[in-house]
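Take a look at the structure below.
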Protein chains: 2
Amino acid sequence: MTADEAPRTRPVTLEDVAQVAGVSRATVSRVINGAQTVDPALRTSVEQAVAATGYVPNRAARSLVTRRADSIALVVSEREQRAVSGPFVGRMFTDPHFGRIVGGLLDVLRPAGIQLLLMLADDDASRSQLVSFLRQGHVDGVVLLSSHADDPLPELLTRTGLPTVLAGRPTRSAAPIAYVDVDQQAGARLAAEHLVGLGRRRIATLSGPLDMPAGQDRLTGFRTAMAALGEPDVVAVEGDFTQAGGAEAMKRLLAEHPAIDGVFIASDLMALGALPVLYREGRRVPEDVAVVGFDDSSAALACDPQLTTVRQPVEEMAAEMAGLLLRRLGEAGRSTPSAVFHPTLVLRQSA
Amino acid sequence: MTADEAPRTRPVTLEDVAQVAGVSRATVSRVINGAQTVDPALRTSVEQAVAATGYVPNRAARSLVTRRADSIALVVSEREQRAVSGPFVGRMFTDPHFGRIVGGLLDVLRPAGIQLLLMLADDDASRSQLVSFLRQGHVDGVVLLSSHADDPLPELLTRTGLPTVLAGRPTRSAAPIAYVDVDQQAGARLAAEHLVGLGRRRIATLSGPLDMPAGQDRLTGFRTAMAALGEPDVVAVEGDFTQAGGAEAMKRLLAEHPAIDGVFIASDLMALGALPVLYREGRRVPEDVAVVGFDDSSAALACDPQLTTVRQPVEEMAAEMAGLLLRRLGEAGRSTPSAVFHPTLVLRQSA
DNA sequence: GCTGACCGAGAGAGCGCTCTCTCCACAGTC
DNA sequence: GACTGTGGAGAGAGCGCTCTCTCGGTCAGC
């Protein structure tokens with residue numbers, strides 16, 4: 001491999017390449033950056049010199065003059081909840097969703113030569129540190145993963161003027177901010193239609209937290225769809241998108257409405273918690289109670305029986321977030337188009 | 001917030017601060033970098049000027065001259081296995097482990113003002129691109145998460161001379177490379193002692209892949225401990241650390257040894273797959289078969305009943321990786337001490 | 001054959017910072 | 001009083017790159 005020739009003592013610079021190729025630094029720079037106004041013969045000899053020297057551009061020097069960082073920040077915004085002992089680990093990082101998003105982002109960013117910076121914000125101090133870091137142009141754009149409804153970060157980021165895209169519809173749509181989301185209501189409708197199509201008549205739902213857009217939308221969508229199917233009065237119990245919350249919500253549901261024969265649970269993780277509660281109460285799934293989840297996360301496969309669930313194409317959505325950002329970098333000051341993806345129903349054993 | 005005064009049109013530079021404070025650029029630089037040879041009065045006025053202007057140093061300019069990047073790379077090395085359709089998402093990213101590691105790393109890196117770059121390597125092309133990127137000094141150190149045994153990356157990274165630390169003992173310990181790991185054998189011993197202490201006598205194990213250090217060590221440790229407890233002939237069936245692999249391994253185990261009353265499953269994820277197989281074969285857990293897992297991952301809680309499992313302190317281990325790297329940055333050319341953490345047994349319902 | 005347009009390549013400034021070197025002021029020594 | 005020593009501040013170079021400006025050369029048009 002020719003790159004081995006690059007001595008670690010003094011890295012190869014543009015100047016070195018220029019000398020080897022017998023041209024000026026500027027010409028090498030043109031070749032590296034793909035300028036069209038270069039004589040093909042010179043281009044070839046420059047390319048050979050680059051290969052021979054194992055040259056790789058120095059990012060720092062480049063960003064110093066271009067004022068671009070060639071990197072975007074993945075900001076994970078957590079509610080402040082530092083553990084009493086041991087290092088802090090947010091909910092987001094342990095959520096399988098997170099990894100899928102990272103994968104989808106890198107899939108677009110890597111070919112574009114853009115680095116992904118991982119940043120965490122979980123209290124006022126870290127937030128203001130984050131914002132001042134971002135203001136100084138250390139990154140070209142921001143992908144924000146926010147886990148809670150009353151997050152000031154979308155607002156703060158908008159004010160920095162940095163291209164920003166949110167994962168999921170923001171709570172307060174005050175500031176015009178781009179987001180990528182799945183059509184939550186359509187997903188809930190898929191669940192409703194499937195349960196009704198199965199002949200279930202006493203259908204309830206375990207919703208997500210109603211202060212989160214995803215929680216609201218899935219409930220609204222489900223109720224609307226059920227009403228359209230002739231079932232205007234759907235019982236809903238609020239959960240919190242966690243496994244424990246799912247178990248607790250299912251207990252409440254069964255206590256108040258023991259006769260249900262179908263339930264739409266607004267996240268797979270909640271379903272994972274809710275299923276054992278059903279068994280303990282002597283219900284079989286899907287024979288006695290049909291269950292439809294939401295997300296098609298790994299939790300859906302961990303359930304027994306495996307969960308019929310509404311799939312959101314997380315990886316594609318993440319790729320779209322990256323793409324959206326990249327396009328905005330190209331044309332500064334563009335408007336902020338959002339993207340909404342279509343969910344699909346994945347049929348497994350639970351309904 | 002004073003930082004609001006920083007105009008996005010032209011960021012505040014050292015020069016600006018110097019002018020406001022009535023000193024030279026060099027003096028401001030000294031204050032920023034905490035040099036001791038500054039008159040207290042000047043220091044104060046510089047600090048005020050920094051606050052007033054909302055100055056934040058330009059990283060690119062700084063790295064250009066210091067030749068430090070103030071960032072470390074988190075390299076995720078995956079076996080090449082691009083999906084036939086849709087974006088690629090590696091196993092590592094969807095593993096809850098990954099998020100815990102990120103959390104632990106950030107916990108140390110953030111206070112030190114060091115950024116975390118996320119990089120992915122999954123084939124020869126991306127590997128050589130990665131290595132040449134790293135060679136050029138774009139990062140100060142590397143944390144490597146490798147998911148497979150025959151990974152050439154540890155070797156490649158060592159040759160770059162960059163401070164590197166591995167998550168988990170490397171397969172080939174040819175090159176002296178630092179790593180952070182849990183004492184796998186001690187963990188397996190905890191499982192063995194617990195199962196035997198429960199009075200179980202027909203104990204088997206579902207091991208991890210035997211071409212991976214973690215797989216080997218857990219099996220060796222379990223067998224050694226069982227032998228010491230008077231049970232030299234432990235049946236072992238090899239799994240692959242996945243949920244599906246766990247189910248498959250358990251089927252084979254039951255087919256060949258239906259009389260078992262205790263089993264050590266070398267990862268929680270495999271246990272998650274194995275438990276339903278036990279139920280389908282009419283065994284109760286823990287009454288008929290006691291089950292001990294390994295990892296104390298979220299999968300342990302997802303199991304029904306919840307899993308008694310060997311806990312490895314992932315977050316602390318990640319923090320140690322970051323700390324180890326930071327220390328090596330300070331004193332270049334240091335030796336490479338590794339760190340091995342002690343596992344503990346977490347008692348839940350499955351054993 | 002001369003002028004002007006045009007195209008490709010080089011010269012050189014300068015991005016914001018660090019760091020060495022120089023210089024100044026003051027104190028101490030003979 | 002001249003000299004040396006010392007601590008603290010400023011001047012200035014230069015990190016590696018991009019990009020504008022300039023300039024030389026070629027060619028079409030009159």
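What you are looking at is a predicted structure, and each value in this text was computed from that prediction instead of being measured. Chain naming here is simple, since letters A, B, ... match the order of the sequence lines and numbering starts at 1 in each.
- For B:Asn58, taking side-chain heavy atoms from C-beta onward, the closest of the listed nucleotides C:dT18, C:dG16, C:dA11 is C:dG16.
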Apply side chain to side chain donor-acceptor pair (under 3.5 Å) to A:Ser77 and A:Asp151, showing your working.
CA-CA 8 Å; A:Ser77 176; A:Asp151 193 347; 2.4 Å; yes
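- Between D:dT18, D:dG16, C:dC19, one nucleotide has an atom nearer to the side chain of B:Thr66 than all others, and that is C:dC19.
- Look at CZ on A:Arg62: it is 18 Å from C1' on C:dG16, rounded to the nearest Å.
- The interatomic distance linking B:Leu64 (CG) with C:dC19 (C1') rounds to 13 Å, in whole Å.
- Both B:Thr13 and A:Thr27 lie near DNA chain C, and the one whose nearest nucleotide falls closer to the 5' end is A:Thr27.
- Taking side-chain N and O atoms only, B:Arg67 has a distance below 4.0 Å to OP1 or OP2 of D:dG16.
- Atom CG in A:Asp16 sits about 10 Å away from atom C1' in D:dG16, given to the nearest Å.
- The side chain of B:Val65 sits closest to D:dC15 out of D:dC17, D:dC15, C:dA9.
- In this structure, B:Leu42 places its CG atom 9 Å from C1' of D:dG8, rounding to the nearest Å.
- Across D:dA9, D:dC17, C:dC17, the shortest atom-to-atom separation from the side chain of B:Tyr55 is found for C:dC17.
- Under 3.5 Å, the side chain of A:Arg30 and the base of C:dG10 form at least one donor-acceptor pair of N or O atoms.
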Evaluate the salt bridge (charged side-chain N to carboxylate O under 4.0 Å, His left out) criterion for residues A:Asp140 and A:Arg67: first the C-alpha distance (whole Å), next the side-chain angles of each, then the deciding distance (0.1 Å), finally the verdict.
CA-CA 9 Å; A:Asp140 303 320; A:Arg67 295 164 172 288; over 6 Å; no
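- Atom CG of residue A:Leu118 and atom CG of residue A:Leu116 lie 6.5 Å apart, to the nearest 0.5 angstrom.
- Between the C1' atom of C:dA11 and the CG atom of A:Leu14 lies a distance of 15 Å, rounded to the nearest Å.
- One can place CZ of B:Arg59 at 19 Å from P of D:dG16, the figure rounded to the nearest angstrom.
- Residue B:Ser29 places at least one side-chain N or O closer than 4.0 Å to OP1 or OP2 of C:dT18.
- Among B:Thr37, B:Leu42, B:Val46, the one residue that satisfies the side chain to side chain contact (heavy atoms under 4.5 Å, CB included) test with B:Arg30 is B:Thr37.
- Atom CD of B:Glu15 is separated from atom C1' of D:dG12 by 12 Å (rounded to the nearest Å).
- Look at CZ on A:Arg25: it is 11 Å from C1' on D:dC19, rounded to the nearest Å.
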For B:Glu316 and B:Arg100, what are the C-alpha separation, side-chain angles and deciding distance, and is it a salt bridge (charged side-chain N to carboxylate O under 4.0 Å, His left out)?
CA-CA 9 Å; B:Glu316 286 104 288; B:Arg100 297 174 66 188; over 6 Å; no
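- For the OP1/OP2 pair of D:dA9 and a distance below 4.0 Å, the side-chain nitrogens and oxygens of B:Ser24 include no atom meeting the criterion.
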